Amino acid sequence: MEHHHSHSRRSFWRDVFTISGTTNPRILFQVLMFGLVAECYALFDLYVHPNLGIEVTLMEFAGAALGLLLVLRTNEGYGRWWEARKLWGALVNNARNLAIQTLAYGPDDPEWRSETLKWIAAFGHIARRSLRGQRDIPEVARIVGEAEAARISTSPHMPTYVAYRIALQFERGVELGMDRIAMLRLDSERGLLIDEIGGCERILKTPLPWVYAVQLRRFIAIYLLTLPLALISKLGWWPTPLVTMMVAYPILGLDRIAVELQNPFSQLNLNHLPLDAISRTMEVDVLALGAVVGGPERLPSPPVDIASIAD
């Protein structure tokens, strides 16, 4: 929330001239190259072959089609980014629900409560590291200990192992006196964590079709390479390179934004999801609730509809 407010108060001119976190450094060379090509066309028209230009109407129709394709591709990329954000929001809320139910309906054993909350708090960090392909998990070692962190890092799928350990804690809770129906409710909530990390992995491992990206970029290249020919006939030789670069800048920028939004988890991509902050929030909320509740007081077990569980 604080980040949102700070961004909304940024000045117009600060956003206009900012470089960090934008596509500018990644497309500047391409923009300059298209400007150089336009300059070569302009000089050829001026000194070698006058009246080199083509009809501008053709480029107007092509530009409209290109703009539509770019918008569709950018929307697809943003859709993936927003779906990933919703999945992480659901993951945080499910972890909070697990913590609440653990303290409310679990056994009155302080050691069991503390251990269960630690595994729940570790899940966000493990999910983040897994999506980034990282096996170094120092924050998890701080929560569950070095030995357990080593076991997690060597497991084929780290989030599955952590979810398994949470399930074992619930089974142990039954042995310590927790109602089995309450355990089934807890285990159902735990299963949602795996569903959400699976949704993130689907986004990660299914990028936008490569053939679509290649075809669109060919269209962009053809359009920007032929655009100076239309501009020469209307503007003359000296404004043509400048106008070509002004047109290339937003087109190449939108193309790059679509690429950057494909993987919202990687720190190498612009505007990646703030997974470090989200997983840290998840840890703090879960462990802080345990510290606040403290004692063995619990809420009475809620009425359970057996038929709904069977469904």
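On a predicted model such as this, the values are computed, not experimentally measured, just so you know. Throughout, residue positions are numbered sequentially from 1 according to the sequence presented.
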Passing candidate, side chain to side chain contact (heavy atoms under 4.5 Å, CB included) with Val247, options Leu252, Leu224, Leu231, Val31
Leu224

How would you list all residue pairs meeting side chain to side chain donor-acceptor pair (under 3.5 Å) that involve residues 242-261, not counting sequence neighbours?
Asn24-Tyr249, Arg26-Glu260, Arg73-Asp255, Arg217-Asp255, Arg256-Glu260

Mind running side chain to side chain contact (heavy atoms under 4.5 Å, CB included) on Tyr105 and Asp179 for me, showing each step along the way?
CA-CA 8 Å; Tyr105 310 126; Asp179 182 77; over 6 Å; no

Do Leu289 and Val284 belong to the same hydrophobic cluster, where Ile, Leu, Val, Met, Phe, Trp and Tyr are linked whenever their side-chain heavy atoms lie under 4.5 Å apart, directly or via other members?
no

Heavy-atom side-chain proximity of Ile278 to Met282 below 4.5 angstrom:
no

Fellow cluster residues of Met246, listed by chain then number, with links counted only when side-chain atoms sit under 4.5 Å apart
Leu242

Please tell me whether Ile143 and Val162 are part of a single hydrophobic cluster in this structure, the criterion being side-chain heavy atoms less than 4.5 Å apart.
yes

According to a hydrophobic-cluster definition based on side-chain heavy atoms being under 4.5 Å apart (Ile, Leu, Val, Met, Phe, Trp, Tyr only), do Val259 and Ile220 belong together?
no

Give every residue pair that meets the salt bridge (Lys or Arg N to Asp or Glu O under 4.0 Å) criterion with at least one member in residues 276-288, sequence neighbours excluded.
Arg96-Asp285, Arg128-Asp276, Arg132-Asp276, Arg142-Glu283, Arg280-Glu283

Distance (rounded to the nearest 0.5 Å) between Leu131 CG and Ser279 OG
10.5 Å

Does some side-chain heavy atom of Ser266 sit less than 4.5 Å from a side-chain heavy atom of His272?
no

Beyond-backbone contact of Phe170 with Leu184, side-chain heavy atoms, under 4.5 angstrom
no

Identify the two heavy atoms, one from His125 and one from Val140, that lie closest to each other, and give their separation to 0.1 Å.
CB-CG2, 3.7 Å

Are Leu36 and Leu229 grouped together when hydrophobic residues (ILVMFWY) are joined by side-chain heavy atoms under 4.5 angstrom apart?
no

Side chains of Phe34 and Ile251: does their closest heavy-atom pair fall under 4.5 Å?
no

Which residues satisfy the salt bridge (charged side-chain N to carboxylate O under 4.0 Å, His left out) test with Glu83, sequence neighbours excluded?
Arg202

Pairing residues for Trp81 by the ring pair (Phe, Tyr, Trp, His ring centres under 6.0 Å) criterion, not counting sequence neighbours
Tyr78

Of all residues at least two apart in sequence or in a different chain, which pass the side chain to side chain contact (heavy atoms under 4.5 Å, CB included) check with Ile222?
none

Which residues satisfy the side chain to side chain contact (heavy atoms under 4.5 Å, CB included) test with Ser153, sequence neighbours excluded?
Ile137

Return each pair, listed once, that meets ring pair (Phe, Tyr, Trp, His ring centres under 6.0 Å) where at least one residue sits in residues 211-234; pairs must be two or more places apart or across chains.
none

Hphob cluster co-occupancy, Leu216 + Val71, side-chain heavy atoms under 4.5 angstrom:
no

After noting the C-alpha distance and the side-chain angles of Arg135 and Met158, does the key distance pass the side chain to side chain contact (heavy atoms under 4.5 Å, CB included) rule?
CA-CA 9 Å; Arg135 291 281 174 171; Met158 297 190 295; 3.4 Å; yes

In Å and rounded to the nearest 0.5 Å, what is the CG to CG distance from Leu98 to Leu103?
11.0 Å

Flag side-chain contact, heavy atom, 4.5 Å: Tyr41 against Thr240:
no

What heavy-atom pair brings Gly290 and Leu117 nearest, and what distance separates the two atoms?
CA-CD1, 3.5 Å

Mind running side chain to side chain contact (heavy atoms under 4.5 Å, CB included) on Arg113 and Asp108 for me, showing each step along the way?
CA-CA 8 Å; Arg113 290 184 171 195; Asp108 298 335; 3.8 Å; yes

Do Arg180 and Glu171 come close enough that some side-chain heavy atom pair is under 4.5 Å?
yes

Within a strict 4.5 Å, meaning less than it, do heavy atoms of the Glu148 and Tyr161 side chains meet?
yes

With ILVMFWY side chains joined below 4.5 Å, transitively, what does Met33's cluster contain besides itself?
Phe29

What pair of heavy atoms forms the shortest contact from Ile203 to Pro264, and how long is it?
CG2-CD, 4.1 Å

Do Gln134 and Gln267 come within less than 4.5 Å of each other through their side chains, counting heavy atoms only?
yes

Could you measure the distance from the CG atom of Leu32 to the CD atom of Glu39? Nearest 0.5 Å is fine.
12.5 Å

Spatial distance of atom CG (Leu69) from atom OG1 (Thr74) [nearest 0.5 Å]:
10.5 Å

Between side-chain atoms of residues 192-200 and protein atoms elsewhere (two or more places apart, or another chain), which donor-acceptor pairs fall under 3.5 Å?
unit_1 : atom_1 : unit_2 : atom_2 : d
Glu196 : OE1    : Leu91  : N      : 3.4
Glu196 : OE1    : Asn94  : ND2    : 3.1
Glu196 : OE2    : Asn94  : ND2    : 2.3

Once you round to the nearest 0.5 Å, how far does CD of Gln169 lie from CH2 of Trp119?
8.5 Å

Apply side chain to side chain donor-acceptor pair (under 3.5 Å) to Asp109 and list each qualifying residue two or more places apart in sequence or on a separate chain.
none

For Glu76, enumerate each residue passing the salt bridge (charged side-chain N to carboxylate O under 4.0 Å, His left out) test, keeping only those at least two apart in sequence or located in another chain.
none

Identify the heavy atoms of Gln262 and Pro207 that sit nearest to each other, and give their distance.
OE1-CB, 3.4 Å

When rounded to the nearest 0.5 angstrom, what distance separates CE in Met178 from CH2 in Trp112?
4.5 Å

Yes or no on side chain to side chain contact (heavy atoms under 4.5 Å, CB included) for Arg218 and Val214, after CA distance, side-chain angles and deciding distance?
CA-CA 6 Å; Arg218 285 175 178 170; Val214 169; 3.6 Å; yes

